[in-house]
A.B. asks: 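One structure, pasted below without further comment.
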Amino acid sequence: MTTQKLDTSVRAIRHWLARSVKSLGNHSDRLNAINVFPVADGDTGSNLYLTARAGHDAVSKLESDDIGGFLEVAARAAMESARGNSGTLLAVFLSGLSEPWQGQPRLTAPLLALGLERAKVRSWSALSEPVEGTMLSVINALALAAASTLMHLKVDRDSRAALDTLLTQMTQAARLAVKGTESELPSLVKAGVVDAGAVGMLVIIDELCAAIRNEHTDFDDYEGFHGYSVQDPHVHFDFEEIDGVEVMCTVALDALGAATLRGQLDALGDSVIMSPVNQLEEDTYRWRVHVHVQDPEAALDLIRKQGNPVNISVTDLCIHDG
């Protein structure tokens with residue numbers, strides 16, 4: 001394939017989202033099977049699929065020449081309908097990726113590198129306690145690989161050849177990051193598997209590269225990830241069931257209210273994720289909030305003291321089969 005065949009337009013972003021939904025659906029069973037962190041509830045694949053589908057559906061009929069504006073619409077819809085830790089992080093990733101692309105008709109290597117760096121910053125800052133060995137490790141590896149590749153390019157940085165080189169280095173770095181997750185977290189070491197969210201992020205990145213290159217996506221090498229073969233068991237069944245619930249909602253907050261709420265939720269529960277969805281006023285944003293707690297009403301009471309939560313979901317942290 002020649003680099004002249006690279007599609008860097010909104011059409012490629014549209015195809016990327018559609019392909020990601022299809023592939024996450026196809027991989028959801030295996031992703032669920034190895035989901036042991038942060039809780040072994042067997043729903044990472046389902047959560048990524050449903051979140052990606054919400055983003056895709058929001059732009060299925062949208063016409064635009066702006067790759068950033070197009071992806072922002074998808075990211076916002078994904079954020080509003082995000083499921084679980086993994087889905088929320090995917091939405092944050094898409095939102096960060098879209099920011100430097102605003103107003104641009106074509107994707108270039110520098111724009112992709114900028115987007116990945118912004119996505120990394122947004123993703124890491126969204127979590128109160130970011131942890132290596134997860135989706136974050138893959139996102140970090142992508143941003144570092146893109147920045148390093150851009151720095152050492154021997155061709156015009158805005159050329160299609162530069163973008164193609166960047167895509168190759170990204171996928172290699174992401175695969176190494178996925179393999180590395182197995183040894184970074186005690187729960188993954190115990191289960192002998194790679195992180196489900198990390199593999200899910202790799203699916204999404206592989207589809208991005210394939211959409212730009214107009215190629216078929218090859219997932220054969222995923223069989224080499226520990227625990228990911230179709231013959232492998234559902235390891236999350238071997239973990240003790242976790243008590244508690246996952247609370248998610250959207251709420252309008254100013255900077256002080258957001259900081260206060262994050263601190264209060266950190267003290268009450270864990271797996272706190274807070275990320276702005278969109279700006280309402282100069283210092284006020286709509287925030288997507290995620291937390292694991294024992295008592296959902298205690299969390300919602302804290303949220304209501306700061307604002308009026310909408311789009312509320314409360315889900316038991318129990319094992320889901322598939």
Side-chain angles (χ1 to χ4, degrees), residues 1-24 52-53 55-78 90-123 138-139 141-175 201-219:
M1 189 202 76
T2 68
T3 56
Q4 293 303 315
K5 292 184 179 179
L6 294 186
D7 187 353
T8 59
S9 68
V10 166
R11 180 175 54 205
I13 307 302
R14 186 189 302 279
H15 288 166
W16 169 39
L17 297 175
R19 294 172 66 138
S20 293
V21 171
K22 181 178 179 180
S23 291
L24 286 171
R53 192 177 72 180
H56 165 264
D57 290 352
V59 294
S60 62
K61 297 181 180 179
L62 177 64
E63 297 298 327
S64 174
D65 295 324
D66 178 351
I67 58 172
F70 183 86
L71 185 56
E72 181 189 24
V73 173
R76 187 179 300 177
L90 170 58
V92 173
F93 174 82
L94 295 176
S95 181
L97 195 64
S98 74
E99 289 182 11
W101 299 2
Q102 296 290 329
Q104 300 294 327
R106 296 277 174 181
L107 185 63
T108 62
L111 276 176
L112 181 53
L114 278 173
L116 290 170
E117 177 62 26
R118 183 58 185 157
K120 181 190 78 172
V121 172
R122 284 283 306 274
S123 299
V138 178
I139 294 170
L142 290 167
L144 289 174
S148 176
T149 302
L150 201 62
M151 188 180 302
H152 296 96
L153 279 174
K154 304 298 184 183
V155 297
D156 178 6
R157 290 170 23 135
D158 290 322
S159 68
R160 292 176 182 269
L163 179 59
D164 192 55
T165 300
L166 202 66
L167 297 178
T168 299
Q169 296 303 314
M170 282 167 49
T171 56
Q172 291 177 358
R175 275 164 171 73
M201 179 56 65
L202 180 60
V203 170
I204 291 159
I205 292 304
D206 278 348
E207 287 296 7
L208 172 62
C209 297
I212 293 171
R213 287 170 164 160
N214 286 299
E215 290 181 344
H216 172 73
T217 317
D218 185 1
F219 296 110

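Positions are given from 1, in the same order as the sequence printed here. Not measured: the values here are computed from a predicted model.
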A.B. asks: What's the separation between atom CZ in R175 and atom CD1 in I205, rounded to the nearest 0.5 Å?
C.D. replies: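 Rounded to the nearest 0.5 Å, the CZ-CD1 separation comes to 10.5 Å.
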A.B. asks: I'd like to know if the side chain of R160 and the backbone of K5 have a donor-acceptor N/O pair within less than 3.5 Å.
C.D. replies: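 No; zero donor-acceptor contacts below 3.5 Å.
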A.B. asks: How long is the straight-line distance from CD of Q104 back to CG of D65, given to the nearest 0.5 Å?
C.D. replies: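 These two atoms lie 12.5 Å from each other.
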A.B. asks: Let me confirm one number: the NE2-NE2 distance from H15 to H56, rounded to the nearest 0.5 Å.
C.D. replies: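 These two atoms lie 9.5 Å from each other.
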A.B. asks: Work out which heavy atom in G115 is nearest to a heavy atom in W101; give both atom names and the distance.
C.D. replies: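 That closest heavy-atom pairing would be CA-NE1, 3.9 Å.
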A.B. asks: To the nearest 0.5 Å, what is the distance between OG (S9) and CG (D66)?
C.D. replies: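 One finds 12.0 Å between OG of S9 and CG of D66.
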A.B. asks: Could you tell me whether the side chain of R118 reaches within less than 4.5 Å of the side chain of V121, counting heavy atoms only?
C.D. replies: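 Yes, at least one pair of side-chain atoms sits under 4.5 Å.
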A.B. asks: With side chains defined as the heavy atoms from C-beta onward, is the minimum distance between E207 and F219 less than 4.5 Å?
C.D. replies: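 They are in contact (side-chain heavy atoms under 4.5 Å apart), so the answer is yes.
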A.B. asks: Looking only at heavy atoms, which two atoms of A12 and A211 are closest? And how far apart?
C.D. replies: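 Minimum heavy-atom contact is O-CB, 3.6 Å.
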A.B. asks: State which residues pass side chain to side chain donor-acceptor pair (under 3.5 Å) with R76; sequence neighbours excluded, sorted by chain then number.
C.D. replies: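 Scan of R76 (side chain to side chain donor-acceptor pair (under 3.5 Å), adjacent residues dropped) gives E72.
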A.B. asks: Quick check against the 3.5 Å criterion: does R122 have a side-chain atom that pairs as donor or acceptor with the backbone of L97?
C.D. replies: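 Looks like no, no N/O pair under 3.5 Å.
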A.B. asks: Do W16 and D7 come within less than 4.5 Å of each other through their side chains, counting heavy atoms only?
C.D. replies: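 Side chain of W16 against side chain of D7, heavy atoms only: no contact under 4.5 Å found.
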A.B. asks: Does this structure show an ion pair linking D206 with R19, if we count only N-O contacts that are shorter than 4.0 Å?
C.D. replies: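 Between R19 and D206 there is no salt bridge, as every charged N stays at least 4.0 Å from the carboxylate O atoms.
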A.B. asks: Closest approach of L166 and A109, non-hydrogen atoms and distance?
C.D. replies: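 That closest heavy-atom pairing would be CD2-O, 3.3 Å.
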A.B. asks: When you measure from the side chain of S148 to the backbone N and O of L144, does any donor-acceptor pair fall under 3.5 Å?
C.D. replies: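 No: the side chain of S148 does not pair with the backbone of L144.
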A.B. asks: Taking all heavy atoms of G55 and all of A77, pick out the closest pair and write down the distance.
C.D. replies: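 Between these two residues, the closest heavy atoms are CA-CB, 4.3 Å.
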A.B. asks: Any sub-3.5 Å donor-acceptor pair from S95's side-chain atoms to A91's backbone N or O?
C.D. replies: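 No; judged by distance alone, with no hydrogens or angles, the pair does not exist.
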A.B. asks: Going by heavy atoms in the side chains, are V10 and I67 under 4.5 Å from each other?
C.D. replies: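 Result yes, sub-4.5 Å side-chain heavy-atom pair found.
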A.B. asks: Might you point out which heavy atoms bring L116 and A146 nearest each other, and give the distance in Å?
C.D. replies: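 Shortest heavy-atom separation between L116 and A146 comes out as CD1-CB, 3.8 Å.
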A.B. asks: From the options L90, I204, T217, select the one residue that forms a side chain to side chain contact (heavy atoms under 4.5 Å, CB included) with S20.
C.D. replies: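 When side chain to side chain contact (heavy atoms under 4.5 Å, CB included) is applied between S20 and each of L90, I204, T217, only I204 qualifies.
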A.B. asks: Any non-hydrogen side-chain atom of L17 less than 4.5 Å from a side-chain atom of V21?
C.D. replies: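 No; the side chains remain at least 4.5 Å from each other.
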A.B. asks: Do R213 and D164 have side chains that get closer than 4.5 Å, going by heavy atoms?
C.D. replies: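 Heavy-atom side-chain distance check passes, below 4.5 Å.
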A.B. asks: Mark yes when over 12 heavy atoms from residues, nucleotides or ligands other than D156 sit less than 6.0 Å from its CG; otherwise mark no.
C.D. replies: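 Buried by this count: over 12 neighbours within 6.0 Å.
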A.B. asks: Mind checking the CG-CE spacing from L24 to M201? Nearest 0.5 Å is all I need.
C.D. replies: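 The CG atom of L24 sits 9.5 Å away from the CE atom of M201.
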A.B. asks: So, taking the atom named CD in E117 and the one named CD in E99, what distance separates them when rounded to the nearest 0.5 Å?
C.D. replies: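 If we round to the nearest 0.5 Å, E117:CD and E99:CD are 12.0 Å apart.
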A.B. asks: For the side chain to side chain contact (heavy atoms under 4.5 Å, CB included) test, which of L112, T108, V155, T168 pairs with L163?
C.D. replies: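 It is L112; the other options fail the test.
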